[in-house]
Engineer: 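Got a structure here, written out as structure tokens. Questions coming.
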Amino acid sequence: MLDPIFIKVLLGTLLLAASSSVVGAFSFLKGESLVGDAIAHALLPGVVLAFILGDGRNPLFLIFGALVAGLIAHYGISFLEQRTKLKGDTAISLVLSTFFGFGIMLLSAVQRTGLGQQAGLERFLLGKAAAITLSDLYVFAALAVVLLVSVAVFFKGFQLMTFNEDFAAAIGLPVQAIRFVFTILTVLAVTVGIQSVGIVLMAALLITPAAAARAWTSSLRLMLVLSAVFAATAALVGTVVSASLPKMPTGPWIVLALGGIAFISLLFAPEKGWIARRKRAKGNQLKTQRENLLKLLYGAEEREGETVAMTSETIVAMRRQHLDGLRKTLRSLKKEYLLVERPDGFALTDKGRTEGRRVVRLHRLWELYLTERLGMAADHIHPQAETMEHIITPEIEALIVKELGNPELDPHQSPIPYEED
Amino acid sequence: MEKSIEVHNLTVSYHSKPVLWDVDFKLPKGKIIGVVGPNGSGKTTMLKTVMGLMKPDSGYTEIFGQPLDKVRERVSYVPQRESVDWDFPADVMDVVLMGRYRKNNLFKRITKEDRRIATEALEKVNLLEFADRQISQLSGGQQQRVFIARSLAQQADIYLMDEPFVGVDAATEDAILKLLRDMKNEGKTVVIVHHDLQTANEYFDWIVLLNTRLVAAGPKEEVFTKELLQEAYGGRLTVLSKLGDLISDTEFPLREPDFKEDHPKE
Ligand SMILES: Nc1ncnc2c1ncn2[C@@H]1O[C@H](COP(=O)(O)OP(=O)(O)O)[C@@H](O)[C@H]1O
Ligand SMILES: [Mg+2]
């Protein structure tokens, strides 16, 4: 397995995958994930025509064919979007299917002559890194290096074009030229990429590593590096599996490995991962429960006109909340001295009362805002305010108070309790 | 009067539907100028056309008496904050440094001098301590100040800003305004797109009142009367859009999960 040919194929595949994923990262950030897919499909007729018209064994010739077809497809999509009423993805699908259909037609014609088999044209469909000849490999590896170097050289341009194209144009950057370079790089990236994963799975190679990388970092440079590392790792898995097991295709394994990496990233990444977000949502949930409890006690005090203590049983009955959840909420409030536990139950401290008053105030302010500004009926606003009272920041509160002119009563004629200072 | 911007018989359309009709005015130098009009009145379109981002159907625009290409380095543009995706992987410093990008340094590394200028700009908008912060984690007001810092880093003579006060809290609004006045005192020209009439009168020296056609342009005292302003603009609902942002930013659950709807109203 560690014979020199395998090592060369492996290195080649790693480079192919890494370089196309770095270019793909910009497509991902631009939200143009589908364009890469369309270009990949559109390359097929170019490649097959290059084979028919010229020397089918020469990889440079195939690349040239791919480049021409890719560019025609890319500008075809732009043309359709600008000149017709077609929506973006309709234009993309149209170009994709037309080109691909044409390519398949040509491919079957060539295959009938028997020449296609010899040239290994079918490898473009599903990718077959192991079948790449050494001379192919040198060409594609060189191309991969060109891609990586170009991205490094054009980094500032690509960064600004992706983030804020209007600004790029406003400071006089040659946006047309930069966009053209990016298009060429995309087509080349797809051309090298399909050597390893094939046309059908190419979009995954462009986009998935970037999506996974984005979950881990918020630095563009680091994101590009991580995309390359993820793509190379997946390429390693794919190549090794297909070399060790009989009849195992490389491309699908690469894409499967990528899917695994993306899945892990989206699940476990700090901050952006699903689990981290769940945790944050849980934190917000605790905040909501705490504030609702303080509000409950504040409301009771408001009715009674004096300090009120409630046992956890009373609270459970009033809030119809599970006792377990309530205990946790009570503990956290006690720890921060918002509640005290007395023999007759839990009561607000001064600090807790201020907090409870704030929640009640926000609730009533929001109800008033809904009726006054949005014309909602007074009996429809309560559920909305239940949520908003936990979200409104002091900044927004001030804005509402100002806009409503320091109101005193809510739509149900309850007083809006301000802090007296 | 020394001219900063001239807009000459300008007509601009989207898909052959004109959104600016034969607009014609000249602006002075060294003033804070408001381009004012309700939503959809073509303010952004006008600014984009002046910046060469849209081709007019007819007419032309000039800055300091010359076509834009001749004076580009003296012009700074602040797009509408919502026009970019703030989830883009970049920190505050990255964005401010973009103000130092030029055609002739596109392939060069960022220099120490660039960093110094960017740092200074961040200091002016009071965001230096946020230099390493991810832009996605900023509040609306902070994002707006990042855009202004980027614009300051360009060290231009005229600044065109699209709605810099939208989504900004009162303290930030004051800070931005003070900054603009300092810039004016240094002899810079500041053109602000603005849709809030309450404040327009107070903020600007000179006003262009736009509503697809040019309604009026001149010193603010001449251009409009209070009655007219209140007639043109109704109540506003800025609170709503702010809350929308906040909810999506903080992933707030819309309800407590184990909480039943119809509990007694407090
Ligand atoms: N990309 C676009 N395509 C089509 N119509 C647009 C586009 N952008 C703006 N418009 C229309 O042009 C008009 C002016 O828009 P705009 O210049 O953004 O106004 P303002 O900045 O004053 O709110 C509006 O009616 C808007 O709907
Ligand atoms: Mg606008």
Side-chain angles (χ1 to χ4, degrees), chain A residues 29 31 153-154 156-157 159-160 162-164 166-174 178 214 217-220 222-223 277 280-281 284-285 288-289 292 295-296 298-300 302 318-322 325 360 363 369 373-374 382-383 386-388 390-393 395-396 398-400 403 412 414, chain B residues 48 51-53 68-69 72-73 75-79 83-85 88-91 94-95 98-99 101-103 105-108 110 134-137 139 141 150 154 160 169-171 235-240 242-243 246-247 250-261 263-266:
Chain A
L29 288 173
V153 168
F154 276 89
K156 279 162 90 179
Q159 176 205 35
L160 188 49
T162 311
F163 175 58
N164 195 350
D166 274 353
F167 186 78
I171 62 176
L173 296 191
I178 296 175
R214 182 68 184 93
T217 177
S218 290
S219 148
L220 180 56
L222 201 57
M223 186 185 145
R277 292 161 66 123
R280 264 205 305 283
N284 285 337
Q285 198 180 308
T288 305
Q289 280 162 349
N292 280 344
K295 186 177 69 173
L296 184 77
Y298 183 86
E302 205 179 38
M318 286 185 78
R319 290 195 22 89
R320 300 200 217 152
Q321 191 191 17
H322 296 299
V360 170
H363 184 102
Y369 185 85
R373 289 298 154 131
L374 301 184
H382 180 70
E386 276 298 314
T387 308
M388 289 305 171
H390 308 295
I391 295 181
I392 294 170
T393 59
E395 177 186 287
I396 295 179
L399 211 67
I400 297 175
E403 212 172 303
H412 309 285
S414 310
Chain B
K48 282 189 170 179
M51 289 313 301
L53 304 175
L68 176 68
D69 265 326
R72 227 185 256 278
E73 310 241 315
V75 187
S76 167
Y77 170 58
V78 180
S83 68
V84 306
D85 175 11
F88 187 81
D91 63 27
D94 290 336
V95 175
M98 290 173 187
Y101 291 15
R102 299 277 183 279
K103 203 173 177 173
N105 71 13
L106 187 58
F107 300 116
K108 300 205 181 112
I110 287 159
Q134 292 312 312
I135 57 171
S136 58
Q137 296 171 354
S139 73
R150 177 175 75 175
Q154 288 185 268
L160 309 181
D169 58 286
R236 36 176 199 141
L237 301 170
T238 47
V239 174
L240 268 192
K242 277 199 144 186
L243 269 174
L246 199 65
I247 292 171
T250 53
E251 282 150 53
F252 232 99
L254 282 183
R255 292 273 184 286
E256 282 184 62
D258 58 347
F259 179 74
K260 317 286 182 314
E261 187 58 70
H263 78 135
K265 156 126 183 62
E266 61 7 70

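Everything numeric here is computed off the predicted structure, so don't read it as measured data. Chain letters run A, B, ... following the sequence lines, proteins first and then strands; every chain starts at 1.
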Engineer: What pair of heavy atoms forms the shortest contact from B:Tyr77 to A:Asp166, and how long is it?
Structural biologist: CE2-CB, 4.3 Å
Engineer: What part of B:Ile135 is in contact with chain A, defined as an atom under 4.5 angstrom from a non-hydrogen atom: side chain, backbone, both or neither?
Structural biologist: side chain
Engineer: With sequence neighbours excluded, what pairs up with A:Arg214 under the salt bridge (Lys or Arg N to Asp or Glu O under 4.0 Å) test?
Structural biologist: none
Engineer: Please flag which part of B:Leu53 lies under 4.5 Å from any non-hydrogen atom of chain A: side chain, backbone, both or neither.
Structural biologist: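 The answer is the side chain of B:Leu53.
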Engineer: Look up atom OG in A:Ser218 and atom CG in B:Asp91, then write down how far apart they are to the nearest 0.5 Å.
Structural biologist: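 Between atom OG of A:Ser218 and atom CG of B:Asp91 there are 9.5 Å.
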Engineer: Examine distances only and state if a side-chain atom of B:Arg72 and a backbone atom of A:Ala170 form a donor-acceptor pair shorter than 3.5 Å.
Structural biologist: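 A pair under 3.5 Å: yes.
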Engineer: For A:Leu222, is it the side chain, the backbone, both, or neither that has a heavy atom closer than 4.5 Å to a heavy atom of chain B?
Structural biologist: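 No part of it gets close to chain B.
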Engineer: Examine whether an atom of B:Asn105 lies under 4.5 Å from a heavy atom of chain A, and if so say whether it belongs to the side chain, the backbone or both; otherwise answer neither.
Structural biologist: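 Contact with chain A: backbone and side chain both.
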Engineer: Who wins among A:Ile171, A:Leu173, A:Thr217 for the most heavy-atom pairs under 4.5 Å with chain B?
Structural biologist: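 Of A:Ile171, A:Leu173, A:Thr217, A:Ile171 has the most heavy-atom pairs under 4.5 Å with chain B.
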Engineer: Nearest heavy-atom pair of B:Lys103 and A:Pro174: which atoms, and what distance?
Structural biologist: CG-CD, 4.1 Å
Engineer: Heavy-atom distance under 4.5 Å to chain A: side chain of B:Gln154, backbone, both or neither?
Structural biologist: side chain
Engineer: Could you list the residues that satisfy salt bridge (Lys or Arg N to Asp or Glu O under 4.0 Å) with A:Lys156, not counting sequence neighbours?
Structural biologist: none
Engineer: So what's closer than 4.5 Å to chain A heavy atoms on B:Val95: side chain, backbone, both or neither?
Structural biologist: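 Looking at B:Val95, just its side chain touches chain A.
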Engineer: Rounded to the nearest 0.5 Å, how far apart are CZ of A:Phe163 and CE of B:Met98?
Structural biologist: 5.5 Å
